[in-house]
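Data first, discussion second: the structure below is written as structure tokens.
Quick caveat: nothing in here was measured; it's all calculated off a predicted structure. Just the heavy atoms: all of them, side chains too, but no hydrogens, waters or symmetry mates, feed the values below. Reminder, nothing fancy here: chain letters follow the sequence lines and each chain counts from 1.
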Protein chains: 2
Amino acid sequence: MKILIIEDEPRVASFIKEGLEEKNYKTEVAYDGLSGEKAAKEPGIDLVILDLVIPGKNGIEVCKSIKSANPDLPVLMLTALGTTADKVTGFDAGADDYLVKPFDFPELLARIKSLLKRKTHTTQQPESLKVADLELDLLRKVAIRGGRVIELTAKEFSLLEYFMRNKGRVLSRVDISEKVWEITYDTGTNVVEVYVNILRKKIDRDFEPKLIHTRIGMGYIFGDQQ
Amino acid sequence: MKILIIEDEPRVASFIKEGLEEKNYKTEVAYDGLSGEKAAKEPGIDLVILDLVIPGKNGIEVCKSIKSANPDLPVLMLTALGTTADKVTGFDAGADDYLVKPFDFPELLARIKSLLKRKTHTTQQPESLKVADLELDLLRKVAIRGGRVIELTAKEFSLLEYFMRNKGRVLSRVDISEKVWEITYDTGTNVVEVYVNILRKKIDRDFEPKLIHTRIGMGYIFGDQQ
DNA sequence: CTTCAATTATCAGAATTTTCATGGGGAAGG
DNA sequence: CCTTCCCCATGAAAATTCTGATAATTGAAG
């Protein structure tokens, strides 16, 4: 779990940073609004701790920007201003929680845990995806099945990830080519079939149960049932 | 949106209740732990405001019980105890947020909005159609009746979906062939009859009540009555 | 109550569509 | 220059969809 801290006061920033790293969270620090906003849009960030008063760009603005780009990324607002009006403004900007300085570190930690728990519980963005006995390592970009590591090319990985994130529902060729190839599907190509075929050889050929199923006239469905 | 308030102090309870109702939330109040726990398990509750100190059963216990029965139901803890230790305990019990008395109503409202927004954002409605004991899973593209999964081809699915979306009204062959086959009905074909026949074998043959009914000279009507 | 025409149900293949599997050419990157 | 990856093209195989013929049912008239 990686947490981005957007805070201009070095003492506060390092206080949080060290406390979190002691609890085995990865951290990243940004000292102003613009660089923080940019950092928040990088992949791999699981939560943002955002000070309301920072140089460069207002914390409220940064929060709105983060939330419009990625609504599922939890933002915990942090500020010395403790009046109700400020809190309401913070929530309206999309913040998921609000903490007033000075605060005790255990409370910060508890609120972070709550936000992350909710996140993994609802929008599950783990480091790997699992379906039946197949695991897709999102960091190493490889698949693992039956104890064997299966290397994947970029397109193969992308297709398998799309399948696994949408297990249990029929995906049409149009869906697949739009999401994985970002093309408008025209009947003149059969890339989807070719790559499904390649994936089958890699992850289904030597294993049971089969995970990629054809639904003729509809598309494909991924999963261990049926 | 309906909010359950578990709070023993009548003044606080009615203060929250009236404030929320002014904002067009429906409310329900329970004055002790046991009745609150029971009320939280009724369907229709979207959020619980839970006082930590209540008679009958400890707030922490009630919270754990609610969360084990329905992890997606947001719980906002409310208490006069403002120490960090208490907050951590509350979060550990599964509370999604924590507010210390005395509080300003706008802040409570802001926190409630935040929790509800998250809920509606994540809990997506399952896409399926139901008529009598027949269910059509629009994601998996299969029918389910009497606990049995019934596989369908593309045309069969399309026809059944059209029937189910228009249950209780007579559909002529012209309607059906235009919507399902996207052809202008000419009397030289009997595809509709053929496919109705196939569907009947799959979803009606082994079950009661019958759902596909012929209206001679008019077309077909779908539903459990007549 | 029977007969008859119109309508609907059923069935077996034929026709069509859809999918699988494979080889090869071109582009990208070391 | 060589390897890897991506996509197109092709034909075979499989499944679905449709046709056309025949059987069954319905409703009305005799």
Side-chain angles (χ1 to χ4, degrees), chain A residues 140-143 149-163 170-207 210-222 226, chain B residues 141-143 150-163 170-207 210-222 226:
Chain A
R140 292 170 57 202
K141 307 263 182 190
V142 294
V149 174
I150 302 166
E151 307 270 354
L152 299 169
T153 71
K155 275 281 178 290
E156 291 160 13
F157 176 84
S158 180
L159 176 61
L160 182 55
E161 181 184 5
Y162 182 58
F163 270 138
V170 173
L171 304 170
S172 71
R173 275 148 238 277
V174 177
D175 292 336
I176 296 171
S177 43
E178 278 177 1
K179 299 286 181 182
V180 178
W181 274 266
E182 293 178 355
I183 56 172
T184 44
Y185 185 75
D186 73 296
T187 47
T189 182
N190 68 339
V191 264
V192 177
E193 275 110 331
V194 171
Y195 271 83
V196 167
N197 185 31
I198 294 171
L199 259 193
R200 274 183 166 144
K201 279 186 194 162
K202 289 200 173 185
I203 66 152
D204 262 356
R205 193 186 188 85
D206 304 331
F207 303 95
K210 304 303 180 202
L211 295 173
I212 302 174
H213 306 274
T214 303
R215 283 299 191 67
I216 292 178
M218 299 170 176
Y220 298 94
I221 186 168
F222 194 89
Q226 276 184 48
Chain B
K141 302 226 185 205
V142 294
I150 302 167
E151 306 262 2
L152 300 169
T153 70
K155 272 282 178 294
E156 292 159 13
F157 177 85
S158 181
L159 176 60
L160 181 54
E161 182 183 4
Y162 182 60
F163 271 138
V170 174
L171 303 170
S172 72
R173 275 149 239 275
V174 177
D175 293 334
I176 296 171
S177 41
E178 279 177 0
K179 300 288 182 182
V180 179
W181 273 265
E182 294 177 353
I183 57 173
T184 43
Y185 184 76
D186 74 295
T187 47
T189 182
N190 68 338
V191 265
V192 177
E193 276 109 332
V194 170
Y195 272 83
V196 167
N197 184 32
I198 294 171
L199 258 193
R200 275 182 166 144
K201 279 187 193 162
K202 290 201 174 185
I203 67 152
D204 262 355
R205 192 186 187 86
D206 304 331
F207 303 95
K210 305 303 181 201
L211 295 173
I212 302 174
H213 307 276
T214 304
R215 285 293 184 74
I216 290 177
M218 298 173 179
Y220 299 94
I221 186 168
F222 194 89
Q226 270 271 344

* Asked: In this structure, which one of A/W181, A/F163, A/Y220 forms a ring pair (Phe, Tyr, Trp, His ring centres under 6.0 Å) with A/Y195?
  ->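 Checked A/W181, A/F163, A/Y220 against A/Y195; only one passes ring pair (Phe, Tyr, Trp, His ring centres under 6.0 Å): A/W181.
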* Asked: Quick one: are A/E178 and A/V174 in side-chain contact, heavy atoms under 4.5 Å?
  -> yes
* Asked: Quick one: are B/R200 and B/K210 in side-chain contact, heavy atoms under 4.5 Å?
  ->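 They are not in contact (no side-chain heavy atoms under 4.5 Å apart), so the answer is no.
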For a quick test of reading the model, state the closest non-hydrogen atom pair linking [X] to [Y] and the distance between them.
{"X": "B/I150", "Y": "B/K202", "result": "CD1-O, 3.6 Å"}
{"X": "B/K141", "Y": "B/F157", "result": "CA-CE1, 3.6 Å"}
{"X": "A/G217", "Y": "B/A154", "result": "O-CB, 3.8 Å"}
{"X": "B/G219", "Y": "B/V170", "result": "N-CG1, 4.3 Å"}
{"X": "A/M218", "Y": "B/L152", "result": "CE-O, 3.5 Å"}
{"X": "B/L160", "Y": "B/I203", "result": "CD1-CD1, 4.0 Å"}

* Which nucleotide span of DNA chain C, 5' end to 3' end, has atoms closer than 4.0 Å to non-hydrogen atoms of chain A? -> C/dT18 to C/dT22
Send over the distance from [X] [atom1] to [N] [atom2], rounded to a whole Å.
{"X": "B/N197", "N": "D/dG20", "atom1": "CG", "atom2": "P", "value": "18 Å"}
{"X": "B/I198", "N": "D/dC18", "atom1": "CD1", "atom2": "C1'", "value": "10 Å"}
{"X": "B/F157", "N": "D/dT16", "atom1": "CZ", "atom2": "C1'", "value": "16 Å"}

* Single hit among A/V180, A/V192, A/I176 for side-chain contact (heavy atoms from CB on, under 4.5 Å) with A/L171 ->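 The passing option is A/I176.
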Contacts under 3.5 Å, N or O only, protein and nucleotides 9-12 of chain D:
from, atom 1, to, atom 2, distance (Å)
D/dA9, N6, A/N190, ND2, 3.0
D/dT10, O4, A/N190, ND2, 3.4

Can you tabulate the close N/O pairs, meaning under 3.5 Å, that link protein atoms to atoms of nucleotides 2-6 of chain D?
from, atom 1, to, atom 2, distance (Å)
D/dC6, OP1, A/K155, N, 3.2
D/dC6, OP2, A/T153, OG1, 2.6
D/dC6, O5', A/Y195, OH, 3.4

* Residues which pass side chain to side chain contact (heavy atoms under 4.5 Å, CB included) with A/E151, listed by chain and number, not counting sequence neighbours ->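 Partners of A/E151 by the side chain to side chain contact (heavy atoms under 4.5 Å, CB included) criterion, ordered by chain and then number, come out as A/V142.
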Detail all sub-3.5 Å separations between protein N/O atoms and N/O atoms belonging to nucleotides 24-30 of chain D.
none

* Asked: Among all residues two or more places apart in sequence or in another chain, which pass the salt bridge (charged side-chain N to carboxylate O under 4.0 Å, His left out) test with B/D175?
  ->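 Salt bridge (charged side-chain N to carboxylate O under 4.0 Å, His left out) list for B/D175, sorted by chain: empty.
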* Asked: Ignoring hydrogens and geometry, is there a side-chain-to-backbone donor-acceptor pair from B/D204 to B/L211 under 3.5 Å?
  -> yes
